[in-house]
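Notes for the one structure printed next.
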Amino acid sequence: MNYRLLILAIVFFVPFSVHSFMLSNTRVIYSGGQKKAPLLVKSTSKTDEVIQFWISDFIETDTPLEEKKPSLVVFPNVIKINDGNPKYVYISLLEGADGKNNLPQDKESIFWITARKIPLLSEESEGKPAISIAQAVKIKVFYRPEGLEDIIKRDGAEENIVLSCSNNNLTINNKTPYIFSPTNVSIDGKENSFIDVIYPGNNTTDINCGKEVSFNFIDDYGSERLYTYKVN
C-alpha cells in the first residue's frame with residue numbers, strides 16, 4: 001500500500017515508550033572513545049512505521065539555525081520499522097577539518113535526541129479532512145569525553161556534591177566533570193522544587209535552604225539512587 005505524509009499534525013512528547021514504538025534506553029551515554037553510540041528502536045506494530053530522529057541543544061537559544069554549529073548527528077535520521085524488524089540508529093560526533101569537535105574535553109555535555117513517529121495516511125484517506133497525532137519521544141544524550149574516568153570514577157561520583165546556603169537559596173557545588181540528573185529533591189524530608197540537571201561547578205537555585213537535602217539521581221543505567229547531604 002502506498003502512503004502519503006499528512007501535512008497537519010499535532011506533536012505530543014511522552015515517555016521513552018510511545019504505544020507502538022519504543023527506545024531501548026532512557027538515556028544515551030556517548031563516551032569519547034567511541035566512534036558512535038547505538039540506540040535500538042523497536043516496534044509492536046504489525047504494519048510499517050516511519051520514525052524520524054534529530055538532536056537538539058539541551059537548552060534552546062535564540063541563535064539563528066544557520067549560525068548554529070551542531071556537535072552531534074544521528075544517522076540514519078529516518079527509519080522504517082515493524083514488530084519483526086527492530087533497527088539501530090547511531091549518534092556520532094561532528095568533527096572539523098582538523099579532526100576535532102567543538103565540545104569541552106574536561107567535562108560532560110548534554111543534548112536531547114527526539115524520535116518522532118511520522119503520521120501517515122493511506123490512499124483511502126486522501127482528500128478527507130483529518131488530524132493526526134505525531135507522537136514523539138525525547139531522551140537525554142550525555143557526551144562524556146575520553147579520560148574523565150581517569151580523573152574521577154562516574155559510579156558514585158554524586159558523593160562529591162557540596163551544598164551551601166546563600167541568601168536563603170540553595171547552592172549546589174558539583175565538584176566533578178559529570179552532569180547529574182535528579183528525579184526529585186527533598187528538603188528536610190519534604191519534597192521540593194524540581195531540578196532537571198546539575199552541571200559541573202556551582203549551580204544556583206531558587207530553592208529555600210534547609211539542614212538536609214536528598215536527591216534521587218539517575219545513574220548511567222537508568223536506575224535511581226538516593227543521596228542525602230548536609231547543607232553547609
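The shown structure was predicted, so the numbers you read here are calculated from the model rather than taken from an experiment.
By the criterion of side-chain heavy atoms lying less than 4.5 angstrom apart, applied directly or through intervening Ile, Leu, Val, Met, Phe, Trp or Tyr residues, Phe142 is not grouped with Ile172; the two fall into different hydrophobic clusters. Tyr90 and Ile81 fall into different hydrophobic clusters, defined by Ile, Leu, Val, Met, Phe, Trp and Tyr side-chain heavy atoms under 4.5 Å apart, directly or through other members. Residues Leu103 and Leu148 do not share a hydrophobic cluster, clusters being chains of Ile/Leu/Val/Met/Phe/Trp/Tyr side chains in contact below 4.5 Å. Clustering ILVMFWY residues whenever any of their side-chain heavy atoms sit less than 4.5 angstrom apart, transitively, puts Val141 in a cluster other than the one holding Ile218.
The local environment of CZ in Phe75 is crowded, with over 12 non-hydrogen atoms from other residues, nucleotides or ligands closer than 6.0 Å. Within 6.0 Å of CG on Asn167 lie no more than 12 heavy atoms contributed by other residues, nucleotides or ligands.
Shortest non-hydrogen contact noted between Ala157 and Thr176 is O-CG2, 3.6 Å. In terms of heavy-atom proximity, Tyr229 sits nearest to Glu158 at OH-O, 2.7 Å. A pairwise comparison of heavy atoms in Gly156 and Tyr227 identifies CA-OH, 3.6 Å as the closest pair. Here the closest heavy-atom approach between residue Ala37 and residue Ile29 is recorded as CB-O, 4.5 Å. Considering every non-hydrogen atom in both Phe53 and Val89, the closest pair reads CE1-CG1, 3.7 Å. Of all the heavy atoms in Cys209 and Ser164, the pair that sits closest is SG-O, 4.4 Å.
For the pair Pro104/Ser109, a side-chain contact is recorded, criterion being any heavy-atom separation below 4.5 Å from C-beta on. Side chains of Asn208 and Leu170 form no contact here, defined as non-hydrogen atoms less than 4.5 Å apart. When side chains are defined from C-beta on, Ile79 does not count as touching Val50, because their heavy atoms never get closer than 4.5 Å. With contacts defined as side-chain heavy-atom distances shorter than 4.5 Å, the pair Ile207/Ile195 qualifies. Here the side chains of Lys107 and Asn174 are not in contact, with every heavy-atom distance at 4.5 Å or above. Within the 4.5 Å cutoff, side-chain heavy atoms of Phe217 are placed close to those of Ile198. Phe21 has its side chain within reach of Val137: a pair of non-hydrogen atoms, C-beta onward, lies under 4.5 Å apart. Looking at heavy atoms from C-beta onward, Glu149 lies out of side-chain contact with Ser31 at the 4.5 angstrom threshold.
Using a distance-only test at 3.5 Å, with no hydrogens or angles considered, no donor-acceptor pair links the side chain of Ser186 to the main chain of Ser214.
Here Arg116 contributes atom CZ and Ile118 contributes atom CD1; the two are 6.5 Å apart, rounded to the nearest 0.5 Å. Rounded to the nearest 0.5 Å, atoms CG (Leu94) and CG (Asn101) are 9.0 Å apart. In this structure, the separation between CG on Asn216 and CD on Glu224 is 5.0 Å, given to the nearest 0.5 Å.
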Worked verdict on Tyr30 versus Leu93 for side-chain contact (heavy atoms from CB on, under 4.5 Å): CA-CA 9 Å; Tyr30 182 8; Leu93 280 170; 3.8 Å; yes
query: After noting the C-alpha distance and the side-chain angles of Asn102 and Ser71, does the key distance pass the side chain to side chain donor-acceptor pair (under 3.5 Å) rule?
result: CA-CA 7 Å; Asn102 59 1; Ser71 303; 2.7 Å; yes
task: Would you sort out whether Gln52 and Val78 count as a side-chain contact (heavy atoms from CB on, under 4.5 Å), showing the intermediate values?
output: CA-CA 4 Å; Gln52 179 185 21; Val78 176; 4.2 Å; yes
message: Show, in sequence, the C-alpha distance, side-chain angles and deciding distance for Asp155 and Asp219, and conclude whether the side-chain contact (heavy atoms from CB on, under 4.5 Å) test is met.
response: CA-CA 8 Å; Asp155 187 34; Asp219 64 18; 5.9 Å; no
task: Show the numbers, then the answer: is there a side-chain contact (heavy atoms from CB on, under 4.5 Å) between Val74 and Phe111?
output: CA-CA 12 Å; Val74 57; Phe111 301 87; over 6 Å; no
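Between Tyr178 and Phe180, the angle of the ring planes lies from 30° to 60°, which puts this pair in the tilted group. Ring-plane geometry between Tyr199 and Phe58 is classed as perpendicular, the angle between the planes exceeding 60 degrees on a 0 to 90 degree scale with a lower cut at 30.
Residue pairs meeting the side chain to side chain donor-acceptor pair (under 3.5 Å) criterion with at least one member in residues 75-86, sequence neighbours excluded, are Lys46-Asp83, Asp48-Asn82.
Ser43 pairs with exactly one of Lys87, Lys117, Glu49, Met22 by the side-chain contact (heavy atoms from CB on, under 4.5 Å) rule, that one being Glu49. Just one of Asn25, Val197, Ile179 meets the side-chain contact (heavy atoms from CB on, under 4.5 Å) condition when paired with Lys140; it is Val197.
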